Amino acid sequence: MQSTALSYLHKHQERIITQWDQQLSALRSDGEIKASLEKAVEHTNQEYMNLILQTARLNEEDSLEGLRQFTEQYIQSGRSLTYFTKALQGLRKAFHQQLKDVPPVGEDVLDIYSDLNEWIDNMNNFLVSKYIESWEDTLEMQKLSLLELSAPLIPVFEGITVMPLIGSIDTTRAKLIMENLLNGVIKNRSKVVLIDITGVPIVDTMVAHHIIEASEAVRLVGATSILVGIRPEIAQTIVNLGIDLTKFPTKSTLQKGMQKALEMCNQNKIEL
């Protein structure tokens, strides 16, 4: 920020903050914040104002570090980006009102006006950018968590585990399926793994290729895969595509696959 605008900000800071706080109070009354949280919000607003004004004084990377941390905490508290940006617009209005009420003496009002606007725009861009980055990081973590849940390996009997697959299978998920299969087979000392594709809507060449790769990897670590849940339409698709699934057993249902797995493990069938 130019020295002229900064001097004006310092000179009238107390009144600008008062006007800005009135803008924030108006946002609270609009229902952005629950009444039960007003005390916490007032403290947050004060911290927010101090950090924003600090960037005007320092205008260095160090001054933005505190603002970045504040933004991350703000997101984690579940507050909206709308309130965030409206608060900055409230600061803009407070500045404009102050310039209108008390024009600078011997200085160009338009220069100060333009400088203050540019500063607020830069802050808005910085805050929105950090807000988006934080959300993207959060979404990526959630995506990874969901992927881990999308390929579970469930031990059901001694030496027998089941991997139920639901939804489409892409390259990323196929890699996770492979990792979970191999780690689970070794951890559970599995002899037979049932890969249940009942919930997989489409089995094309790519999906079949991934399943064959996973089954071959399981064979290399000393276990056997049984592909179950092959519906008539999937069987027809596999035949039409010329996909070879003769290297490992296949069954139409999980129940039939379980019976086969029990036979392979020399276990008696258990009636439930």
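Remember, predicted model here, so these are calculated numbers, not experimental data.
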Can you see which heavy atom on [X] is nearest to which on [Y], and at what distance?
| X | Y | value |
| --- | --- | --- |
| Ala261 | Ile226 | N-CD1, 4.0 Å |
| Ala217 | Leu182 | O-CD2, 3.5 Å |
| Leu165 | Ile169 | CD1-CD1, 3.9 Å |
| His210 | Ala174 | CG-CB, 3.4 Å |
| Ile16 | Ala94 | O-CB, 3.8 Å |
| Gly257 | Val228 | CA-CG1, 3.7 Å |

Is Val109 reachable from Trp119 through a run of hydrophobic residues whose side-chain heavy atoms are each under 4.5 Å from the next?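 No; tracing contacts between hydrophobic side chains, which count when under 4.5 Å, never links both residues.
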Is it the case that the side chain of Trp20 and the backbone of Lys93 share a donor-acceptor pair, with hydrogens and angles ignored and the cut-off at 3.5 Å? no
Between Asn125 (side chain only) and Asp121 (backbone N and O only), is there a donor and an acceptor less than 3.5 Å apart? yes
Provide the full list of ring-ring contact (aromatic ring centres under 6.0 Å, His included) pairs with a residue in residues 97-118, sequence neighbours left out, each pair given once. His96-Tyr113
Measure the spacing between [atom1] of [X] and [atom2] of [Y] and express it to the nearest 0.5 Å.
| X | Y | atom1 | atom2 | answer |
| --- | --- | --- | --- | --- |
| Leu227 | Ile211 | CG | CD1 | 5.5 Å |
| Asn180 | Thr161 | CG | OG1 | 11.0 Å |
| Cys265 | Lys260 | SG | NZ | 11.0 Å |

Begin from the C-alpha positions of Arg92 and Asn124 and carry the test side chain to side chain contact (heavy atoms under 4.5 Å, CB included) through to its verdict. CA-CA 11 Å; Arg92 190 192 304 273; Asn124 187 70; 5.6 Å; no
For [X], check side-chain contact (heavy atoms from CB on, under 4.5 Å) against everything at least two apart and list the hits.
| X | answer |
| --- | --- |
| Asp108 | Leu110, Asp111 |
| Lys256 | Lys251, Ser252, Thr253 |
| Arg231 | Glu233, Ile234 |

Any donor-acceptor pair under 3.5 Å linking the side-chain atoms of Asp101 with those of Gln97? yes
Could you tell me whether the side chain of Tyr8 reaches within less than 4.5 Å of the side chain of Val102, counting heavy atoms only?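 Yes, close enough: below the 4.5 Å cut-off.
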Within the 4.5 Å heavy-atom criterion, are Lys191 and Met264 side-chain neighbours or not? no
How far apart are the C-alpha atoms of Phe95 and Asn117, what are their side-chain angles, what is the distance that settles it, and do they pass the side chain to side chain contact (heavy atoms under 4.5 Å, CB included) test? CA-CA 9 Å; Phe95 277 133; Asn117 272 335; over 6 Å; no
Can you pull out every salt bridge (Lys or Arg N to Asp or Glu O under 4.0 Å) where at least one residue sits in residues 210-224? Sequence neighbours excluded, please.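 Passing the test, one end in residues 210-224: Glu216-Arg219.
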Mind listing the side-chain donor-acceptor pairs of residues 192-207 below 3.5 Å, one per line with the distance, residues two or more places apart or on another chain?
| residue | atom | partner | partner atom | Å |
| --- | --- | --- | --- | --- |
| Asp196 | OD1 | Thr198 | N | 3.0 |
| Asp196 | OD1 | Thr198 | OG1 | 2.5 |
| Asp204 | OD1 | Met206 | N | 3.3 |
| Asp204 | OD1 | Val207 | N | 2.9 |

What do you reckon, is CD of Glu133 surrounded by more than 12 foreign heavy atoms closer than 6.0 Å? yes
